[in-house]
Amino acid sequence: MKSDGPEIVVLTGAGVSAESGIATFRGTDGLWEGHRIEDVASPEGFDRKPQLVHRFYNLRRAALRTVQPNAAHSALARLEAAWPGAFLLVTQNVDDLHERAGSRRLIHMHGELRNVRCTACSASWPWEEETSTHSRCPSCGDTGTVRPDIVWFGEMPIDMDRIIARLATCAIFISIGTSGQVYPAAGFVDTAARHGARTIEVNLAGTATSKAFHERRTGPATETVPALVDELLNAHHSH
Ligand code: BJW
């Protein structure tokens, strides 16, 4: 795409949705009802205890109806709308709060809670209700083959080629509310920096990858993200 300004890539993680009331993964004890995230978000965990995994995602899918985008989501939608260069938002989040705030150019690299798919025929479709080991695939008619359309540990994240290409061309890379513990997302800062991007981390606290960034903004996303967006837009307009 031809454009007049520098390209921005933004990566977001659970911290951007925390103030909307969605729990982060590696919070106080990092457990869901006593289960480790690796046990409910892995193909092995699903094979072992499918009912448990369905329930985990059913609860989180239903919880989406009770939460709203916050000021950080809105600020990123505002940046996308006003930025004169190419823009891409890559989110690790499986909630839909970025879309609901108005973001359009985004990739859900770890999948989406509001989609499910069939392990038999690979069909995927939007689904806002519960799933179970008895759910039937509307495409091939099999039962017991429906799973959340989520990227679990050991599975390939979505659209990696496109993401890597954009990390290589962007001038500014911003990482917001992610702990830098899960790869490949945790390595994006290195890829962007190697290709010459200015890199900025926005988080409540230091992370596993803080040292890799040129700049850091510390504080809650609902305050730091709108401030950073203002700063970027003002700096651009004054040139
Ligand atoms: C705030 C805030 C506020 C709070 N304001 N900030 C050994 C070494 C290296 C890699 C591996 C390894 N062993 C295995 C791997 C690979 C593995 C991996 O990285 N494991 C690590 C745990 C070591 N990765 C994979 O398997 C991935 N696939 C893969 O690698 O495929 C092969 C491949 C090869 C080559 C190229 C490419 C790929 C798949 C990873 C799938 C992750 N899935 C999950 C669960 C599914 C989604 C779901 O169920 O909801 O995705 S795990 C979970 O972690 C979820 C998240 O998207 C992801 C990242 O978490 P995030 O967003 O960073 O959240 P938290 O909780 O960790 O952090 C929150 C942050 O917010 C904190 O920093 C807070 O301070 C901050 N915060 N409130 C601002 N108000």
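The shown structure was predicted, so the numbers you read here are calculated from the model rather than taken from an experiment. Counting convention: from 1, in listed order, for ligands and their atoms alike.
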| S179-ligand 1 polar pair, N/O distance under 3.5 Å | yes
| request: Could you tell me whether some N/O pair between A221 and ligand 1 is separated by less than 3.5 angstrom? | output: yes
| Can you get from I164 to L11 by hopping between Ile, Leu, Val, Met, Phe, Trp and Tyr side chains that sit under 4.5 Å apart? | yes
Which donor-acceptor pairs under 3.5 Å do side chains of residues 176-195 form with protein atoms, sequence neighbours excluded?
| unit_1 | atom_1 | unit_2 | atom_2 | d |
| --- | --- | --- | --- | --- |
| T178 | OG1 | Q92 | NE2 | 2.9 |
| T191 | OG1 | G187 | O | 3.3 |
| H195 | ND1 | T191 | O | 2.9 |

| Is any heavy atom of the protein nearer than 4.0 Å to atom 40 (C) of ligand 1? | yes
| task | Would you kindly say whether S124 and N115 are connected by a side-chain donor-acceptor distance under 3.5 Å? | result | no
| side chain to side chain donor-acceptor pair (under 3.5 Å) involving R216 - partner list, sequence neighbours excluded | none
| message | Between ligand 1 and R60, can you find any atom pair, the residue atom being a heavy atom, that is separated by under 4.0 Å? | response | yes
| Any luck finding a side-chain donor-acceptor pair between N70 and T222 under 3.5 Å? | no
| message | Below 4.0 angstrom, counting only protein heavy atoms, does anything approach atom 27 (C) of ligand 1? | response | yes
| query | Which option, E19, E38, Q92, R26, owns the non-hydrogen atom nearest atom 60 (O) of ligand 1? | reply | R26
| task | Report the member of E223, Q181, M156 with the shortest heavy-atom distance to atom 34 (C) of ligand 1. | result | M156
